[in-house]
Amino acid sequence: PEYTIFKDMDDEGVIETVDFSEFEALFQVKRFKKTEKATKREETLKKLSEQLCLIESRRARNLVIAKRRIGQNARTIMEFILNTDLDGLLPEHCDLLLKFIPTQEELSELAKHAHRFEEFGEAE
């Protein structure tokens with residue numbers, strides 16, 4: 001250990017002569033402002049947590065996907081079905097929707113909570 005460069009080095013002198021401000025700035029933990037996207041995501045998650053979900057989650061997710069694939073809102077789809085409008089609702093969309101005819105249990109739950117219609121999730 002006698003023959004090293006560190007033997008004659010003065011540690012206190014190095015600390016006084018070297019400017020560590022740039023070094024500290026490089027390794028400083030940065031605080032990020034919430035982005036608009038993150039704020040919207042939090043609002044969406046809060047809204048989803050407040051919704052009333054009566055349909056099993058996987059089935060509800062698949063129904064929402066099917067509705068988006070059709071490209072119409074629920075009210076328009078309902079009007080197409082009630083009016084048997086085959087121009088508005090393609091046969092393959094009809095086949096897709098047949099998988100989502102509500103069960104007796106789902107119908108009774110929906111009827112039981114009909115007064116809370118505004119709180120229903122997208123699939124209900």
Side-chain angles (χ1 to χ4, degrees):
E2 297 177 24
Y3 304 108
T4 67
I5 61 168
F6 299 106
K7 181 179 180 192
D8 297 328
M9 189 178 284
D10 177 23
D11 294 344
E12 297 300 321
V14 169
I15 291 174
E16 292 173 6
T17 57
V18 175
D19 180 19
F20 286 100
S21 60
E22 182 180 345
F23 182 78
E24 288 175 357
L26 289 172
F27 290 94
Q28 183 178 18
V29 177
K30 296 180 181 177
R31 294 190 177 168
F32 294 100
K33 293 181 182 178
K34 283 188 178 181
T35 63
E36 187 175 320
K37 186 176 181 181
T39 305
K40 284 183 180 179
R41 185 170 189 263
E42 287 176 3
E43 289 173 4
T44 302
L45 289 174
K46 183 180 179 191
K47 183 179 175 185
L48 287 174
S49 69
E50 294 172 353
Q51 289 182 343
L52 180 61
C53 297
L54 304 173
I55 299 174
E56 187 265 327
S57 62
R58 175 182 258 164
R59 182 171 158 86
R61 183 182 68 232
N62 290 338
L63 178 57
V64 170
I65 291 169
K67 188 178 87 168
R68 289 184 183 151
R69 186 177 298 164
I70 294 170
Q72 300 289 339
N73 63 34
R75 182 155 316 276
T76 305
I77 294 171
M78 181 184 73
E79 288 174 9
F80 288 155
I81 293 170
L82 293 175
N83 296 328
T84 58
D85 184 356
L86 295 178
D87 293 327
L89 199 59
L90 301 174
E92 55 266 14
H93 293 157
C94 294
D95 288 338
L96 189 61
L97 290 171
L98 283 173
K99 299 174 188 172
F100 300 104
I101 295 175
T103 64
Q104 286 299 325
E105 294 83 23
E106 290 170 343
L107 286 173
S108 68
E109 284 296 311
L110 288 168
K112 198 183 316 180
H113 297 285
H115 64 282
R116 296 174 62 188
F117 178 77
E118 303 301 323
E119 299 173 35
F120 281 176
E122 187 176 359
E124 279 73 21

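In what follows, residues are counted from 1 in the order of the sequence shown.
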Distance, nearest 0.5 Å, that separates CG of Asn73 from CD1 of Ile70 = 11.0 Å
request  = Hey, could you give me the CD1/CG distance between Ile77 and Asp85, rounded to the nearest 0.5 Å?
outcome  = 12.5 Å
key: Pairwise distance CD1(Ile81) to NE2(His93) - rounded to 0.5 angstrom   = 12.0 Å
note = Closest non-hydrogen atoms of Lys67 and Gln72, given as atom of the first, atom of the second and distance, are CG-O, 3.5 Å
message = Quick check: closest heavy atoms across Glu106 and Ile55, and the distance to 0.1 Å?
response = OE2-CG2, 3.6 Å
query = What's the shortest heavy-atom distance between Phe80 and Gly88, and which atoms?
reply = CE1-O, 3.4 Å
ask   = When rounded to the nearest 0.5 angstrom, what distance separates CG in Leu97 from CZ in Arg69?
value = 10.5 Å
task = Drop me the distance from Glu56's CD to Thr103's OG1, to the nearest 0.5 angstrom.
result = 10.5 Å
query = Is there a path of hydrophobic side-chain contacts, each under 4.5 Å between heavy atoms of I, L, V, M, F, W or Y residues, that connects Ile101 with Leu96?
reply = no
Whether over 12 other heavy atoms sit under 6.0 Å from Gln104 CD = no
ask   = Can you tell me how far the CZ atom of Arg61 sits from the CZ atom of Arg58, to the nearest 0.5 Å?
value = 6.0 Å
request  = Just say parallel, tilted or perpendicular for the rings of Phe23 and Phe27, cut-offs at 30° and 60°.
outcome  = tilted
